[in-house]
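These notes are about the structure you will find just below.
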Protein chains: 2
Amino acid sequence: MDAPALRRADWEPQPTDRASAPTRPERAAEQLAALAAAVDPGDRLGTKEELRARCGVSVGTFNEALRLVQARGVVSVRPGPGGGLFASRQSPMVRLGNSVLALDDDAASVADAVRLRDALDPLLVEDALRHASASDVAAMRTELERMKATTADRDGTAFVRANWALHARIAEVSPNVILRSVYTSLLDIIESHVLSVQPDEAHPLPEYIRSRYELHAALVDAIADRDHRRALELIHEHNTTMDGSATRDEATTEELPR
Amino acid sequence: MDAPALRRADWEPQPTDRASAPTRPERAAEQLAALAAAVDPGDRLGTKEELRARCGVSVGTFNEALRLVQARGVVSVRPGPGGGLFASRQSPMVRLGNSVLALDDDAASVADAVRLRDALDPLLVEDALRHASASDVAAMRTELERMKATTADRDGTAFVRANWALHARIAEVSPNVILRSVYTSLLDIIESHVLSVQPDEAHPLPEYIRSRYELHAALVDAIADRDHRRALELIHEHNTTMDGSATRDEATTEELPR
DNA sequence: TCCCCCAATCCATCATGGTGAATTGCAGGA
DNA sequence: TCCTGCAATTCACCATGATGGATTGGGGGA
């Protein structure tokens with residue numbers, strides 16, 4: 001009835017070639033997640049042994065699956081009589097994280113990320129105006145210096161990277177953890193997709209760099225002076241004058257299949 | 001030299017009571033993550049057996065740890081001679097997901113989430129204007145009907161939930177996967193923190209509900225008519241007239257100083 | 001009656017040993 | 001020379017059996 005699976009043929013009855021071959025622990029984890037999703041949070045799903053048998057995997061494999069769903073906050077485990085696996089309500093923050101994790105990397109274009117980032121910039125500036133300390137402003141000025149240093153060598157890529165570093169530093173000031181986290185990750189996404197900055201006939205590189213630099217310098221000044229109106233005006237200009245169009249995308253061509 | 005650890009005392013040398021007791025697989029996973037972070041992406045870390053010995057855990061435990069770091073995209077495993085664990089570059093999208101996952105749930109106040117959501121609303125409306133199909137608009141109108149239904153029973157909570165459902169439906173239209181994902185999760189976060197809607201002397205409930213309903217109805221009309229200016233005007237009004245202040249927070253005990 | 005302690009249950013690890021598949025490098029043949 | 005095929009390496013699972021800790025409920029003593 002419950003003969004052990006000693007040979008591989010006994011426990012690999014699905015040679016159905018699926019994409020990227022989900023491993024057995026992953027499949028078991030999905031089963032568990034489905035089980036947990038089918039009941040109310042807090043409900044008992046059964047003992048490890050029962051569920052392991054239902055998933056049809058060995059102890060070790062089941063433990064791996066368990067670890068995965070636990071990390072996702074889908075189930076919790078309790079010892080003792082009446083113990084076992086329980087569906088647990090996963091916090092919305094975990095859902096956010098997982099929904100982002102589930103995102104297909106290439107499905108999300110850089111342009112999408114840039115658009116989001118631009119929408120968040122004013123919030124960051126607002127927070128900077130309200131919360132930037134003297135040392136924060138000093139750090140921003142340091143980043144500005146770095147930007148200025150790159151203006152000399154006409155290296156558009158170095159310039160935008162320095163620019164992003166400044167933005168990241170500004171973001172650090174915000175007390176809003178969600179905003180900070182999302183924003184810096186967006187910068188990260190954007191940065192990882194950009195290979196080089198290409199000049200544009202309408203905006204020759206040196207001129208573009210100079211104007212961007214001055215805009216950011218003025219922005220930091222406005223933050224230092226707590227000049228709300230000027231700062232918001234500048235960030236609006238920042239996001240309406242072209243910026244993203246001067247960058248070139250890399251990742252849409254998925255080379256390097258390894 | 002390498003005596004097996006048959007008794008628990010042999011392999012639990014750290015009775016240091018730490019907060020919430022990270023399990024051994026979790027600790028091993030952290031070690032692996034640290035190892036992977038210390039080298040360049042693509043570098044070899046060693047065979048499973050070598051690393052297992054270094055982590056000082058058993059095979060099963062190490063497999064669990066491995067599964068965790070693999071799920072996080074930190075390492076990859078390859079079979080064959082010269083195989084083993086390799087540090088893998090984790091995509092920025094994964095970093096975003098993980099950084100959100102690392103967020104402390106109560107550290108992030110609802111007000112923070114509301115602020116983010118408000119900043120994203122205009123983007124959603126923009127996308128809706130550009131991409132909403134007839135059936136999308138129809139679905140929005142259905143949600144509007146539901147909102148209207150709740151206006152009758154003076155139930156503020158039901159009203160805002162219906163309101164969020166409408167927003168979620170609008171968000172569905174956007175082709176921007178990151179935006180959609182982040183926005184709906186933000187709604188989720190907000191919704192999960194709100195217990196009830198409290199009237200406010202300046203805005204008695206029925207009046208508040210009626211005005212909000214009409215604003216949203218007008219917004220959907222503007223989307224249906226592709227009236228950009230009107231829609232953006234409405235969403236601006238939407239986010240400047242009070243909204244969040246009429247909701248009562250549950251989870252953040254430390255009252256948001258705004 | 002109330003409290004404490006014990007037994008039962010269940011999880012978290014451990015150890016050992018086995019089969020099959022993927023990968024690699026080299027050695028030998030066409 | 002180039003291709004083919006074998007052997008070695010390493011992973012992915014499997015089974016079995018053991019120890020110790022956490023939790024729970026009930027039974028016995030104060």
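Letters go in sequence order (proteins before strands), and every chain restarts at 1. All heavy atoms count here, side chains included; hydrogens, waters and symmetry mates do not.
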Positions of residues 42-49 of chain A (non-hydrogen atom under 4.0 Å from DNA chain C), listed by number: A/T47, A/K48
B/E64 CD - D/dA12 C1' separation (whole Å): 15 Å
Students often get this wrong, so: under 4.0 angstrom with heavy atoms, is B/N63 touching a base, only sugar-phosphate, or nothing? nothing
A/E30 bridged to A/R27 by N-O distance under 4.0 Å: no
If you compare every side-chain N and O of A/R67 against the phosphate oxygens of C/dT13 (OP1, OP2), does one of them come in below 4.0 Å? yes
Heavy-atom pair of closest approach, residues A/L101 and B/G97: CD1-CA, 3.6 Å
Nearest heavy atom decides the nucleotide; on that basis, is B/E50 or B/V59 closer to the 5' end of DNA chain D? B/E50
Counting side-chain heavy atoms from C-beta on, which of C/dA12, D/dT16, D/dA12 comes nearest to A/V77? C/dA12
Tell me: CG of A/L66 to C1' of C/dC10, nearest whole Å? 13 Å
How would you label the contact of A/G60 with the nucleic acid (heavy atoms, under 4.0 Å): base, sugar-phosphate, or nothing? nothing
Is it true that A/R146 and A/E143 make a salt bridge, defined as a side-chain N closer than 4.0 Å to a carboxylate O? yes
Do A/S133 and A/D136 pair up side chain to side chain, a donor and an acceptor below 3.5 Å, judged on atom types alone? yes
Roughly how many Å is it from CZ in B/F62 to P in D/dC13, rounded to a whole number? 15 Å
Stacked cation flag A/R78 on A/F86, 6.0 angstrom / 45 deg: yes
Walk along nucleotides 22-27 of chain D from 5' to 3' and tag each nucleotide B, S or - by protein heavy-atom contact under 4.0 Å, base first, then sugar-phosphate. BBB---
Cationic N near anionic O, under 4.0 Å, B/D127 to B/R180: no
To the nearest 0.5 Å, atom OG of A/S181 lies from atom CG of B/D112 at 12.0 Å
Heavy-atom distance under 4.5 Å between the side chains of A/N98 and A/Q90, does that happen here? yes
Inspect the contact between A/R67 and A/E64 and indicate whether a charged nitrogen and a carboxylate oxygen are less than 4.0 angstrom apart. no
Nearest-angstrom distance from the residue atom CZ of A/R24 to P of D/dC13: 7 Å
